[in-house]
Amino acid sequence: MLSVSKQKLVRSLAMKKFRDSEGLFVAEGAKLICDLANGGLECVYLFSTQNSYVAENKEFIEITEQELQKISNQKTPQGALAVFKIPKYEINFENIKNELSIALSDVQDPGNVGTIIRLADWFGFANIYCSEGCADAFAPKTVQATMGALARVKIHRVNLHEFLSANTKHTTIYGTFLKGENIYQTQLKKTGIIVMGSEGNGISEDIKPLITNKITIPTFSQNSQRTESLNVAVAAAIVCSEFRRNE
């Protein structure tokens, strides 16, 4: 049975200020929940309808379809909803010098942030550094878009200017721009930080001076009315793929 207190808790986690204060986030759907749990994230509560196969979880609380509808963030709930603890990670500045990582400058669309987290998992990027202006990685829409990658990619919310400033002496900082060095003709390094900008404004003005290598994905369209730019998640997929190919 779904208690009033638990209903209020789950509903409150749709808002960032409550996710931050409680240190909790919500995931929906049996597969996503299992992926997160199997990846080592701590499940606090699991709410599921009678027919859901994740009911064997020791935190299981059986609820009705109507009760699930009350706490779900989706129009059509997927039979199970879980509350997880938000993982906290220390930044290892020594490791940064020896790996490729991603930094997001005010990427505000939750779906894009979630997709980039999923891409990072696919291409073997262990860490993503999100500016304070980014969409929250643990917002419901973002979590769903990660498809479980949140359990395998470490998310750090940082003052991006301070973070990059602390690393400019130790590593190459790449940035994606409309005008830069052609990524297909550039000798990309095996280590560095790749900065991706927001959907509308690109990399923020205070971050631009910290970029050591500007790169661009060239257009091959001959049409003068071509698309002005790529979606940031699409661009991230191309950039990540090209960095790994160059290895």
Side-chain angles (χ1 to χ4, degrees), residues 1-91 104 107-122 125-130 132 134-158:
M1 181 177 178
L2 179 66
S3 67
V4 174
S5 62
K6 287 186 173 62
Q7 180 178 331
K8 287 182 177 179
L9 172 65
V10 175
R11 293 300 302 163
S12 74
L13 298 178
M15 300 178 65
K16 186 179 184 302
K17 66 176 181 179
F18 291 112
R19 290 194 297 273
D20 289 345
S21 62
E22 298 290 341
L24 302 171
F25 73 96
V26 170
E28 298 195 49
K31 185 180 186 305
L32 174 58
I33 292 169
C34 287
D35 283 348
L36 295 176
N38 292 337
L41 298 193
E42 184 177 347
C43 181
V44 180
Y45 300 114
L46 170 60
F47 304 93
S48 179
T49 57
Q50 189 174 5
N51 295 325
S52 175
Y53 74 86
V54 294
E56 63 192 31
N57 187 291
K58 65 180 180 180
E59 304 290 346
F60 169 63
I61 300 172
E62 184 177 329
I63 60 175
T64 66
E65 294 281 358
Q66 291 74 23
E67 288 174 324
L68 181 60
Q69 189 76 53
K70 290 179 181 179
I71 59 175
S72 175
N73 294 292
Q74 301 178 346
K75 291 183 178 179
T76 307
Q78 301 178 48
L81 180 150
V83 175
F84 285 90
K85 284 190 176 181
I86 294 176
K88 302 294 184 183
Y89 306 106
E90 294 290 330
I91 296 177
L104 301 182
V107 177
Q108 297 173 348
D109 182 84
N112 283 336
V113 172
T115 300
I116 292 171
I117 294 171
R118 187 178 177 187
L119 287 167
D121 181 35
W122 182 266
F125 290 75
N127 295 279
I128 295 181
Y129 303 92
C130 299
E132 294 162 337
C134 274
D136 185 12
F138 298 95
K141 287 183 179 180
T142 316
V143 173
Q144 296 305 123
T146 69
M147 299 293 287
L150 270 176
R152 297 176 291 275
V153 178
K154 296 177 181 178
I155 308 300
H156 311 270
R157 200 167 188 89
V158 299

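Along the sequence shown, the residues carry numbers beginning at 1.
I91 places a side-chain heavy atom less than 4.5 Å from the side chain of Y129. Counting heavy atoms from C-beta on, the side chains of R19 and P140 come closer than 4.5 Å. By the 4.5 Å heavy-atom criterion applied to side chains, F47 and E67 are not counted as neighbours. Side chains of M147 and D35 form no contact here, defined as non-hydrogen atoms less than 4.5 Å apart. V4 is listed as a side-chain neighbour of K8, based on a closest heavy-atom distance under 4.5 Å.
The backbone N or O of S72 sits less than 3.5 Å from a side-chain atom of R11, completing a donor-acceptor pair. Distance alone, capped at 3.5 Å, is enough to place a donor-acceptor pair between the T142 side chain and the D136 backbone. Checking side-chain atoms of R152 against main-chain N and O of W122 turns up no donor-acceptor pair under 3.5 Å. Using a distance-only test at 3.5 Å, with no hydrogens or angles considered, no donor-acceptor pair links the side chain of Q78 to the main chain of A30. At least one donor-acceptor pair under 3.5 Å links the side chain of T146 to the backbone N or O of V143. When atom types are taken as modelled, the side chain of R157 and the backbone of E132 share a donor-acceptor pair closer than 3.5 angstrom. Of the possible donor and acceptor atoms, none in the side chain of Q7 sits under 3.5 Å from a partner among the backbone N and O of L2.
Note: Q69 CD to T49 OG1 = 12.0 Å, rounded to the nearest 0.5 Å. Rounding to the nearest 0.5 Å places CD1 of I128 at 8.5 Å from CG of L119. Of the inter-residue distances, the one linking H156 atom NE2 with N127 atom CG reads 3.5 Å to the nearest 0.5 angstrom. For the atom pair NZ of K154 and CD of E90, the computed distance is 10.0 Å after rounding to the nearest 0.5 Å. One finds the CG atom of L13 at 8.0 Å from the OG atom of S21 (value rounded to the nearest 0.5 Å).
Partner of Y45 under the side chain to side chain contact (heavy atoms under 4.5 Å, CB included) criterion, out of V26, V10, I61: I61 alone.
Nearest heavy-atom pair, L68 versus A80, reported as atom, atom and distance to 0.1 Å: CD2-N, 4.0 Å. Closest heavy-atom contact between L150 and A137: CD1-O, 3.8 Å. Among all heavy-atom pairs drawn from S48 and G79, the shortest one is OG-O, 3.2 Å. Shown here for C130 and I155, the closest heavy-atom pair between the two residues is SG-CG2, 4.0 Å.
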Original post:
Please walk me through it: do L81 and I63 pass side chain to side chain contact (heavy atoms under 4.5 Å, CB included)?
Top reply: CA-CA 10 Å; L81 180 150; I63 60 175; over 6 Å; no
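Within the structure, the ring pair (Phe, Tyr, Trp, His ring centres under 6.0 Å) test picks out the following pairs touching residues 63-86 (sequence neighbours left out): F25-F84.
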Run the side-chain donor-acceptor check on residues 108-116: report pairs under 3.5 Å with partners two or more places apart or on a different chain.
residue	atom	partner	partner atom	Å
D109	OD2	G111	N	3.0
D109	OD2	N112	N	2.9
N112	OD1	N231	ND2	3.2
N112	ND2	E199	OE2	3.0
T115	OG1	G111	O	2.8

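Scored by the side-chain contact (heavy atoms from CB on, under 4.5 Å) test, K85 finds L24, E42, V44 as partners (sequence neighbours excluded).
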